[in-house]
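Take a look at the structure below.
Counting starts at 1 for both ligands and their atoms, following the listed order. Since the model is a prediction, treat every value here as computed from it, not as a measurement. One is the number of the first residue; the rest follow in order along the sequence.
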Amino acid sequence: MKKKILAVTLAMAMVSSLVACSGSTTKTQESASASNEESQDSTESKGTLVMATNAEFPPYEYHDGSDDQIVGIDAEIAAAIADKLGYTLEIEDIAFDSVIPEVTSGKADFGMAGMTVTEERKKSVNFSDSYATAVQVVIVPEDSDITSIDDLSGKIIGVQSGTTGDLYATDDFGDENVERYNKGMEAVQALSQGKIDAVIIDNEPAKVFVQETEGLKILDSAYAEEQYAIAIALDNTELLSEVNAALAELKADGTIDSIVSKYITAD
Ligand code: GLN
């Protein structure tokens, strides 16, 4: 699948980041997120919903605090969905590459990992309605001679393995120019050590990583615009409709917006 490079201004990209939410659960910790009137009415939990994620992707999912809780927009939206549907949420932290296999094998009920909807992934899983828009951006050293996407030609590009950034970089610039890392932050560290020339990654984690690392910047021209959604097994259409119904309510009542604005400040 060939992707077209889309020149999107970064300003637009930032404005289009609509996601959000609050919630926190650790791997083995069960959390039926707090106060939701509807679920308080229901007596017992319908059971546990297992969410597969890769908690290395701030502000969507990451470890925080001494208790090592998984927090972030996805964690909180998932908690709100589970709460609304009367389930207890359990979060499983695994490699990003393993999230879809975990869902297709039935070990997890859904995957939520800042995951972009792609035609390729749709062959393995169903996606819920989208709950956020994102863009792929390019991180370079502050003094880099790379000023646009075209300048990436022939450069060594770092990506998180199995992500859409990996896919675009490989398709557009060739496998030999792509360095794959297990975590986005590892690619960013390699960049700051001068081992690679650029990193292609989603805009919100990019902002967090650049803020935490000296001497890097995000290019103004962004790469491709994408939609994030929740991955569910192809045969579990019942959960898909439940999740879509819950998402629609959480969008309508402002819960999603408030979760997003807790983690992403307009700038
Ligand atoms: N949005 C990207 C993808 O779906 C990256 C997700 C991630 O690294 N968690 O491939």
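If you take CG on Asn203 and OH on Tyr223, they are separated by 15.0 Å, rounding to the nearest 0.5 Å. Taking CD from Glu56 and CG from Asp93, the interatomic distance works out to 6.5 Å, rounded to the nearest 0.5 Å.
Within 6.0 Å of CD on Glu214 lie no more than 12 heavy atoms contributed by other residues, nucleotides or ligands. Crowding of Lys217 atom NZ: a count of heavy atoms from other residues, nucleotides or ligands under 6.0 Å exceeding 12.
Of all atoms in ligand 1, numbered sequentially from 1 with element shown, those under 4.0 Å from a heavy atom of Thr164 are 2 (C), 3 (C), 10 (O). Near Gln160, with a cut-off below 4.0 Å to any heavy atom, the atoms of ligand 1 are 7 (C), 8 (O).
A donor-acceptor contact under 3.5 angstrom links the side chains of Thr170 and Arg180, judged on distance only. Ser148 and Asp150 share no donor-acceptor pair across their side chains, judged by distance under 3.5 Å alone.
Considering backbone and side-chain N/O atoms, Thr163 never comes within less than 3.5 Å of an N/O atom of ligand 1. Note: no N/O pair closer than 3.5 Å links Glu61 and ligand 1 by distance alone. The distance criterion of under 3.5 Å between nitrogen or oxygen atoms is not met by Gln136 with respect to ligand 1.
The protein heavy atom nearest to atom 7 (C) of ligand 1 is Phe57 CE1, 3.3 Å. Looking only at heavy atoms of the protein, atom 1 (N) of ligand 1 is closest to Asp202 OD2, 2.6 Å.
Asp172 places none of its side-chain heavy atoms less than 4.5 Å from the side chain of Ile149.
Counting heavy atoms closer than 4.0 Å to ligand 1, residue Thr116 contributes atoms from both its backbone and its side chain. Of the heavy atoms in Arg121, only side-chain atoms (C-beta onward) come closer than 4.0 Å to ligand 1.
Ligand 1 has no atom lying under 4.0 Å from any heavy atom of Asn54. For Tyr228, the closest heavy-atom approach to ligand 1 falls below 4.0 Å.
Distances from atom 9 (N) of ligand 1 to the heavy atoms of Ala113, Pro205, Gly114, Gly165 show the closest one on Ala113.
You'll find the ring centres of Tyr60 and Tyr228 inside the 6.0 Å limit.
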